[in-house]
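Comments concern the structure below.
No hydrogens, no waters, no symmetry mates; every other heavy atom, side chains included, goes into these values.
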Amino acid sequence: MARERRGRGGVFFSLSTLTYPCVSASLRENQGAEAAEHIYPVNPVILSKKGSEGLGLLRLVSVNLTKKAEAAILSAILLLGAVVRLLYLSEIRQNPDFRHPALDAAYHDYWARGLATGDWVPPPGMEAPRVHLHPFYRPPAYPYFLSLVYRVFGAGYLWPRVVQMAIGLGNILLVYLCGRRWFGKTAGLLAALLAATYWIFIYYEGELVGEPLSVTLGLVSLLLLTSERMDWRRAIPSGAALGVLALLRPNVLLFVPVAAAWFYRVNRHRGSGIGRWAGFSAGLILGTALAVAPVAIRNLVVSGEWVPISTNVGISLRVANNELSDGTSHHIPEFGDVGSPFDYSRIVRRLERDLGRPLTQKQAADYLVDRSLRFILENPGRFLWLTGRKALLFWGPVEIRNLKEVHYARRHSPVLGALSLPVGKLPCPLLQRIFPFIGGYLFSFPLLSALAVVGFILLLKTGGEGSSSVTDEGRSAGVLAALYVFAYFISMLPFAAAARYRVPVIPFLILLGSFALVRLGGYLRRGEWSRFWGRVILLIALLAIFSINWSGYRPSPEKWHFDLALAYTDAGEWDEAEREYRETVRISPDHYRAYNNLGNIALGRGRFGEAESYYLEALRIEPRLPEVHTNLGNILLRRGELEKAIERYRRALDLRPDQVEAHNNLGLALSRLGKLEEAVASYREALSYRPSNVPSLAGLAEILWLTGHFDEARRHLEAAARLAPDDAQVRQLIEIFREQ
């Protein structure tokens, strides 16, 4: 690994140099180790010079770092990372979605609570996935980690964020260790500083998703792989770390053969025999298999089918490979929007009806994979276009929405916005004019990508250049980091693009970028102007290229407000929810879902006429909305217009046969008209889609009791009582049955 003699100067870089690149200061020639101290708005920078004039464009300075000084700087970086994380935690605790997670986060929370407390009640309106009866639908590592946090600290929403932010601090240390081992202590400290303040790490540490752990495991994997005297014994823990990472992101398994190929090249360069490479490869594969095997065995025992990790590969491929996909959407033509993991059971039942045969979840996943491959083979041009767009999205300047509209999450966060260095607030008009298309922020993904490319180029050309030199081992490790980034990128192309999916590669972009900055500082310090300006021009050109939104993707402010409204709705804060829904339709007048939800709020408050107008507006925009037809049927049912209500329910079920609420309310309307046999059929249909639906069980029990089927009525009522013993309708029916 790269070694530095005690007392040799490194290059220490301050974040303030990115913030204020146009501030100029002259550095005086000096013969000793004297340094001039300049205080900038972000933090103090110790400037020194040795043999050249300083430039305001890039503040790279040479300092003498003893072990004590190095430890002090690292401690300061960790303290800075802790402070900004605590500030952000204080900020998000006020947000409505802090205690009301949605989509993937809600699924993780449900799963973890079930494991930790035995409470498997799903969120309101969601069907219980019955995780224990099926192979894992999603990779299980994060829910099991979250359940451990719940077991230790209780099933609240604060401690998971605290623990994840502590993991984030650990990631800073891991970045430092990688940088120091590969490129020297200055690069390690610089990389740690960038990792401590890069906003998206902090953002995902505040979400109930596995991105912080994926960063940890990726860094640990490569740190182990680049240890000295690597052999088959040391390869096993490296493979195990990759295997655990695969239980978060299964696509990372593509890196295993890439790592084996890398070691083959390293092994040949060292003059070692093929046996050493074979032992390394076997140890790497063994370690990976040992980590994945318990999950595969568990899935086999539960389902009798071979599912190495999870079954969501079918959905993930299908949403990204169909005639309606744009590379970011989560829509399947035959099913509509796929917004939540809770939807998978519904999708399986829909497939069973369409295919006319029962399906396991594994068989449903295989069918969706087959449909995806068929689309690719039948539409090669469209597939290539989608793949190209997803590549542009992955490397683009805009954060792609997935769970949330990340772009606006940053914009509405004082902490994250400040860390990203808004271009408009920099005292440099040139930057404001040249890079308005960065998305408003300088310290962002385009800058990291540009720095990483320059770093990789310099790494391949590096030689003995004083304190900025790197050893063969360091160069080899940097190449492995670049291969990890490339393999991960390729593995993501078949799937939909999203900001969270590129988080695992960012630490390695930071490491390569830190090496680039150290080398640039070396050129500047030694007065190698042609090299320095050549690399700076390349960096600026790459920054411009990465900053252009080639894909044309547009962040959605209406989604930001709509998601916020949903969180307020879940929290029961109706005034705030209504305000955000109104803001949604102000920005996007054709947002029919916001109109539907405004109607729901009005209906809940007894404003039936207003609710009806909202629903009709939603149908004017999009007539094929089953839930809106159901809602209009509910208004008609309350008014006693039973025939019209039945028409609305039947229209809703024509559009979406698995809509359980429509079946239940249709059964209620039919029973009020005395059509009891049709009502029984409607309730049974609802139960065929969702066997554990309490309103369906209770409604059917009531009708069966009225028609004299007492034993069956009791069975259904007992099932409803087991599921929801405190439900008002269930308790009322129990009392009626007892009296009769």
Treating [X] as the side-chain partner and [Y] as the backbone partner, does any N or O pair qualify as donor plus acceptor under 3.5 Å?
X: Thr226; Y: Leu223; answer: yes
X: Ser547; Y: Leu543; answer: yes
X: Thr288; Y: Leu242; answer: no
X: Arg233; Y: Gly283; answer: no

Are [X] and [Y] close enough that some pair of their side-chain heavy atoms sits under 4.5 Å apart?
X: Tyr176; Y: Leu190; value: no
X: Asn171; Y: Pro507; value: no
X: Ser491; Y: Val252; value: no
X: Pro160; Y: Glu205; value: no
X: Pro504; Y: Tyr488; value: yes
X: Leu459; Y: Phe515; value: yes
X: Pro397; Y: Phe445; value: no
X: Pro555; Y: Val398; value: yes

Look at [X] together with [Y] and state whether they make a salt bridge at an N to O cut-off of under 4.0 Å.
X: Arg502; Y: Glu399; value: yes
X: Arg161; Y: Glu207; value: no
X: Arg181; Y: Glu473; value: no

With [X] via ring pair (Phe, Tyr, Trp, His ring centres under 6.0 Å) - residues at least two apart:
X: Phe255; value: Tyr484
X: Phe486; value: none
X: Phe145; value: Tyr142

Q: Please work out which of the three classes, parallel, tilted or perpendicular, describes the rings of Trp199 and Tyr203, given edges at 30° and 60°.
A: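 If you compare the ring of Tyr203 with that of Trp199, the planes turn out tilted.
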Q.
Parallel, tilted or perpendicular, judged at 30° and 60°: which one describes the rings of Phe443 and Tyr198?
A.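 Perpendicular: the ring planes of Phe443 and Tyr198 meet at over 60°.
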Q: Tell me, with the steps shown, if Phe201 and Val175 meet side-chain contact (heavy atoms from CB on, under 4.5 Å).
A: CA-CA 13 Å; Phe201 292 151; Val175 167; over 6 Å; no
So, taking the atom named [atom1] in [X] and the one named [atom2] in [Y], what distance separates them when rounded to the nearest 0.5 Å?
X: Asn251; Y: Ile490; atom1: CG; atom2: CD1; result: 11.5 Å
X: Leu512; Y: Ile457; atom1: CG; atom2: CD1; result: 11.0 Å
X: Leu290; Y: Ile236; atom1: CG; atom2: CD1; result: 7.5 Å
X: Arg180; Y: Leu74; atom1: CZ; atom2: CG; result: 10.0 Å
X: Leu222; Y: Leu217; atom1: CG; atom2: CG; result: 11.5 Å
X: Leu193; Y: Leu80; atom1: CG; atom2: CG; result: 6.5 Å

Q.
Using the rule given for side-chain contact (heavy atoms from CB on, under 4.5 Å), can you reason through Leu509 versus Leu451, listing the C-alpha separation, both sets of side-chain angles and the distance that settles it, and then say yes or no?
A. CA-CA 8 Å; Leu509 300 182; Leu451 284 169; over 6 Å; no
Taking all heavy atoms of [X] and all of [Y], pick out the closest pair and write down the distance.
X: Thr197; Y: Leu419; answer: O-CB, 3.6 Å
X: Ala499; Y: Val406; answer: CB-CG2, 4.2 Å
X: Val84; Y: Ile202; answer: CG2-CD1, 3.8 Å
X: Leu219; Y: Cys178; answer: O-SG, 4.0 Å
X: Ala260; Y: Leu284; answer: N-CD2, 4.2 Å
X: Val479; Y: Trp262; answer: CG1-CD1, 4.4 Å

Q) Just checking, is any N or O donor in the side chain of Trp395 or Ser449 under 3.5 Å from an acceptor N or O on the other one? A)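 Absent: no donor and acceptor within the cut-off.
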**Q.** Test log, rule side-chain contact (heavy atoms from CB on, under 4.5 Å), inputs Leu158 and Phe98
**A.** CA-CA 8 Å; Leu158 175 61; Phe98 186 84; 4.2 Å; yes
Q) Which residues pass the salt bridge (Lys or Arg N to Asp or Glu O under 4.0 Å) test with Arg265, sequence neighbours left out? A)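 For Arg265 there are no salt bridge (Lys or Arg N to Asp or Glu O under 4.0 Å) partners, ignoring immediate neighbours.
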Q | For Glu211, all residues meeting salt bridge (Lys or Arg N to Asp or Glu O under 4.0 Å), sequence neighbours excluded | A |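 For Glu211, the residues satisfying salt bridge (Lys or Arg N to Asp or Glu O under 4.0 Å) (neighbours in sequence not counted) are Arg249, Arg500.
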Q: Evaluate the criterion side-chain contact (heavy atoms from CB on, under 4.5 Å) for residue pair Phe546 and Leu447; output intermediate values, then yes/no.
A: CA-CA 8 Å; Phe546 281 115; Leu447 180 61; over 6 Å; no
Q | side chain to side chain contact (heavy atoms under 4.5 Å, CB included) involving Pro237 - partner list, sequence neighbours excluded | A |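 Pro237 satisfies side chain to side chain contact (heavy atoms under 4.5 Å, CB included) with Leu224 once adjacent residues are dropped.
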**Q.** Residue pair Phe263, Phe280: steps toward the ring-ring contact (aromatic ring centres under 6.0 Å, His included) verdict
**A.** CA-CA 8 Å; Phe263 189 76; Phe280 167 86; 3.9 Å; yes
Q | Phe489 atom CZ: more than 12 heavy-atom contacts under 6.0 Å | A |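 For Phe489, atom CZ is crowded (more than 12 foreign heavy atoms under 6.0 Å).
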